[in-house]
Number of protein chains: 2
Amino acid sequence: MNAACHHEDGAHHGLHGQALRLALTAAETRCAASQERLTLPRRRVLELLLEAHGPLKAYDLIAAFGSGGEPAKPPTVYRALDFLERQGFAHRIESLNAYVPCRLDGRGHSAAFLICDCCGAAEEFEPDLGAGIAAAAARGYAVSAVTLEARGLCPVCQVG
Amino acid sequence: MNAACHHEDGAHHGLHGQALRLALTAAETRCAASQERLTLPRRRVLELLLEAHGPLKAYDLIAAFGSGGEPAKPPTVYRALDFLERQGFAHRIESLNAYVPCRLDGRGHSAAFLICDCCGAAEEFEPDLGAGIAAAAARGYAVSAVTLEARGLCPVCQVG
DNA sequence: ACACGCATGTTATATAGTAACATCAAGCGC
DNA sequence: GCGCTTGATGTTACTATATAACATGCGTGT
Ligand SMILES: [Zn+2]
Ligand SMILES: [Zn+2]
Ligand SMILES: [Zn+2]
Ligand SMILES: [Zn+2]
């Protein structure tokens with residue numbers, strides 16, 4: 001969130017209550033199905049990402065980790081983030097050094113975001129990578145992951 | 001460059017000698033045309049990027065800055081990089097925290113790279129952003145910059 | 001019980017990037 | 001020339017981001 005931004009927060013609403021519980025249960029289920037374990041720190045980090053209204057920095061997660069005020073140690077959170085990314089539950093937004101929960105029911109898709117430079121909203125979308133993949137193939141590259149980040153102004157922030 | 005990589009370096013060859021001088025002169029010319037100044041630290045950082053065989057980290061540039069061994073202070077290099085990016089002479093590769101000189105005669109184009117996870121090569125290409133821009137437009141976003149980074153294996157590293 | 005693989009806890013450190021303020025140098029009106 | 005403005009640089013100190021290394025715990029199979 002840009003400090004100078006005077007607009008309403010255009011970012012995704014955080015989940016809470018029943019919706020949050022449902023999302024976490026769904027994650028549990030998906031982990032069980034793939035022989036992975038959604039352990040306590042992993043679940044906690046995912047919960048924090050789902051509750052948030054926008055991208056969170058690693059050190060925001062570290063600070064918020066404990067149910068009381070106690071922070072986590074950095075490796076705890078970074079390991080959880082690695083896991084969540086591997087499983088497709090979360091994405092790292094490289095140009096922000098920040099993390100979001102996957103809004104597209106994850107696993108194995110490419111990450112693409114529209115990021116508002118004013119209010120900090122980061123909207124995930126399903127990119128059409130046809131042309132990019134073709135360019136890679138033409139050069140003989142075997143592509144395993146693609147990230148696309150478009151910066152600009154969201155509809156709300158264009159107005160003011 | 002991955003430490004475990006045993007392949008030949010697939011990265012771009014660095015410029016040197018006459019080719020390097022030509023590239024720097026071209027940059028001078030382009031700056032003069034747009035009322036910008038390619039000052040000494042800016043020119044030096046661009047030279048280091050052009051000479052390199054692949055993406056350079058900011059602190060590599062800081063260490064290599066002095067003609068003798070003396071390093072630069074971080075702000076010197078970061079400011080130069082900001083300038084070079086603004087003018088389209090260089091790009092930051094977000095997923096590497098590293099920088100490359102523009103290989104497509106820069107100014108105002110989107111940055112797109114194929115990055116080899118094995119040997120560290122980073123090849124710039126001109127992306128077809130039609131679909132991505134359309135997705136942005138459909139959501140009302142006004143996009144000002146797009147970065148696309150595809151990770152995988154270059155032709156050389158697929159073989160071994 | 002025992003060994004194995006994987007997750008976690010803990011300490012310390014490495015790497016990346018910026019704030020703040022002083023100084024300098026060019027352009028410009030006078 | 002002189003004083004002003006604007007942009008670039010030098011310098012110090014600091015903040016933010018991320019990882020190495022090693023010890024500990026825990027479930028699973030034998
Ligand atoms: Zn996603
Ligand atoms: Zn916005
Ligand atoms: Zn370029
Ligand atoms: Zn390679």
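Letters A, B, ... mirror the listed sequences (proteins, then strands); counts begin at 1.
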S.K.: Would you mind reading off the distance between B/L96 atom CG and D/dA18 atom P, rounded to a whole angstrom?
M.R.: 14 Å

S.K.: Could you tell me whether the side chain of A/R92 and the main chain of A/E85 form a donor-acceptor pair under 3.5 Å?
M.R.: no

S.K.: Is there a side-chain contact between B/K57 and the phosphate of C/dT15, meaning an N or O under 4.0 Å from OP1 or OP2?
M.R.: no

S.K.: Could you tell me how far apart A/D82 (CG) and D/dT19 (P) are, to the nearest whole angstrom?
M.R.: 7 Å

S.K.: Is the backbone N or O of B/F65 less than 3.5 Å from a side-chain atom of B/R44, with the two atoms forming a donor-acceptor pair by type?
M.R.: yes

S.K.: Can you tell me which nucleotide in C/dT11, C/dG9, C/dA19 comes closest to the side chain of A/T76?
M.R.: C/dG9

S.K.: Separation of B/R86 atom CZ from D/dA8 atom C1', in whole Å?
M.R.: 11 Å

S.K.: Is the base of D/dA18 touched by the side chain of A/Y59 through a donor-acceptor pair closer than 3.5 angstrom?
M.R.: yes

S.K.: For B/R92 and C/dT15, what is the distance between atoms CZ and P respectively, to the nearest whole Å?
M.R.: 16 Å

S.K.: Looking at A/Y78, does any N or O in its side chain come under 4.0 Å of the phosphate oxygens OP1/OP2 on D/dA18?
M.R.: yes

S.K.: B/I62 has an atom CD1; how far is it from atom P of C/dG17, in whole Å?
M.R.: 9 Å

S.K.: Using whole Å, report how far NZ of A/K73 lies from C1' of C/dA7.
M.R.: 16 Å

S.K.: Taking the nucleotide of DNA chain D with the nearest heavy atom to each, does B/R79 or A/Y99 sit closer to the 5' end?
M.R.: B/R79

S.K.: What heavy-atom pair brings B/F89 and B/L46 nearest, and what distance separates the two atoms?
M.R.: O-CD1, 4.1 Å

S.K.: Would you say B/L129 and B/V143 make side-chain contact, with heavy atoms under 4.5 Å?
M.R.: no

S.K.: Near DNA chain C, counting only heavy atoms under 4.0 Å, which residues of residues 29-48 of chain B show up?
M.R.: none

S.K.: Backbone N or O of B/G140 within a donor-acceptor pair of the A/Q158 side chain at under 3.5 Å?
M.R.: yes

S.K.: I'd like to know if B/V77 and B/L96 are part of one continuous hydrophobic network [Ile/Leu/Val/Met/Phe/Trp/Tyr, side-chain heavy atoms within less than 4.5 Å].
M.R.: no

S.K.: Between atom CG in A/L56 and atom C1' in D/dA18, what is the gap in whole Å?
M.R.: 17 Å

S.K.: Quick test of your reading of the model: are B/R151 and B/E149 salt-bridged, counting only N-O distances below 4.0 Å?
M.R.: no

S.K.: Let me know the distance between CD of A/E70 and C1' of C/dG9, rounded to the nearest Å.
M.R.: 15 Å

